[in-house]
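Right, one structure below, let's go through it.
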Amino acid sequence: MDCEAQSPEFDRALAALDYSAPWSTLLARLKFQDACHLAPVLARLLEQAWRERPQAASLVLPLPISSERLRERGYNQSGLVAEALGRRLQLPVAHEVLQRTRHTQRLMRLDHDARQAEIVGAFAVNPAWRRLVLGRHVAVVDDVMTTGATMNEAALTLREAGARSVSAWVVARTGRSP
């Protein structure tokens, strides 16, 4: 779906790279092959993009994965990138604020409408940490943004919890489908 057909829930987006070779291969290695050492390198690329187009943020949140996926993988690749990026930008990173409320099937295999339906209601703000979001400029970090459905749902959840604004900061963004 074209962004012009439906406005995103987040206020701004920042992507360091196009999701193409060799970056797509490196991102897949980080996500599926335990190449955690790549997270700081990818965070540096995202930092460089941010320095070219700075965006206000007072809190960095990694896009959470489900507990099933965390058990399967052993780590959250977005959390690793967010942590390294937060250090580089000297911004606090809060891993416990945004939570995945349920396991979803792998969205990369679904079209836009199916992704949208699958991700609805998949996030919540931890009530114990809600005060960290209230009235703040929040940046949500993820590895790849494809249709934006996941980031939209996360942004909607954060707005409902009182975030002043939500930015989507991703390492890579896929191109438009023909």
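Keep in mind that the numbers below use all heavy atoms, side chains included, and drop hydrogens, waters and symmetry copies. As the structure is a prediction and not an experimental result, all values here were calculated from the model.
Side-chain atoms of Asn152 do not come within 3.5 Å of backbone N or O of Pro8 as any donor-acceptor pair. Between the Thr174 side chain and the Asp18 main chain, no donor and acceptor come within less than 3.5 Å of each other. In this structure, Thr101 contributes its side chain and Ala122 its backbone to a donor-acceptor pair below 3.5 Å.
Checked against side-chain hydrogen bond (donor to acceptor under 3.5 Å, both in side chains), Glu72 has the following partners two or more places apart in sequence or in another chain: Arg106. Taking the side-chain hydrogen bond (donor to acceptor under 3.5 Å, both in side chains) definition, one finds that Ser24 meets it with nothing, sequence neighbours left out. Partners of Ser66 according to the side-chain contact (heavy atoms from CB on, under 4.5 Å) rule, which considers only residues two or more places apart in sequence or in another chain, are Glu68, Arg69, Arg100, His103. Here Glu153 pairs with nothing under the salt bridge (Lys or Arg N to Asp or Glu O under 4.0 Å) rule; sequence neighbours left out. In this view, Arg51 and Glu47 satisfy the salt bridge (Lys or Arg N to Asp or Glu O under 4.0 Å) rule, not counting sequence neighbours. By the side-chain hydrogen bond (donor to acceptor under 3.5 Å, both in side chains) test, Arg73 pairs with Gln77, sequence neighbours left out. Partners of Arg159 by salt bridge (Lys or Arg N to Asp or Glu O under 4.0 Å), not counting sequence neighbours, listed by chain and number: Asp11. Every residue meeting the side-chain contact (heavy atoms from CB on, under 4.5 Å) condition with Ala154, not counting sequence neighbours, appears here in chain and number order: Leu63, Leu98, Phe123. With sequence neighbours left out, the side-chain contact (heavy atoms from CB on, under 4.5 Å) criterion links Arg164 to His137.
In this structure, His95 and Glu83 have side chains that are in contact, with non-hydrogen atoms separated by less than 4.5 Å. Residues Pro40 and Arg44 form no side-chain contact, since every pair of their non-hydrogen atoms from C-beta on lies 4.5 Å or further apart. Contact of the Trp129 side chain with the Gln99 side chain is not registered, since no non-hydrogen atoms from C-beta on lie closer than 4.5 Å. Side-chain contact between Arg12 and Ser165 is present, with at least one heavy-atom pair separated by less than 4.5 Å.
With rounding to the nearest 0.5 Å, the separation of CE in Met145 from CE in Met151 is 6.0 Å. Distance check, rounded to the nearest 0.5 Å: CD of Glu9 to CG of Leu158 gives 11.0 Å.
Shortest non-hydrogen contact noted between Ala13 and Gln55 is O-NE2, 3.4 Å. For the pair Asn76 and Pro64, the tightest heavy-atom approach, listed with the atom from each and the gap, is ND2-CA, 3.7 Å. What you find for Ala84 and Ala39 is that their closest heavy atoms are CB-O, 4.4 Å. Residue Ala94 comes nearest to Pro62 through the heavy atom pair O-CD, 3.6 Å, listed as atom of the first residue, atom of the second, then distance.
Side-chain contacts under 4.5 Å among hydrophobic residues (ILVMFWY), followed directly or transitively, place Trp50 together with Leu14, Leu17, Tyr19, Trp23, Leu26, Leu27, Leu30, Leu38, Leu42, Leu45, Leu46, Val60, Tyr75, Leu80, Val81, Leu85, Leu89, Leu91, Val93, Val141, Val144, Trp169, Val171. By the 4.5 Å side-chain criterion applied to Ile, Leu, Val, Met, Phe, Trp and Tyr, Leu70 is assigned to a cluster that also includes Ile65.
Applying the salt bridge (Lys or Arg N to Asp or Glu O under 4.0 Å) definition to pairs two or more places apart or across chains, those involving residues 120-145 are Lys31-Asp143.
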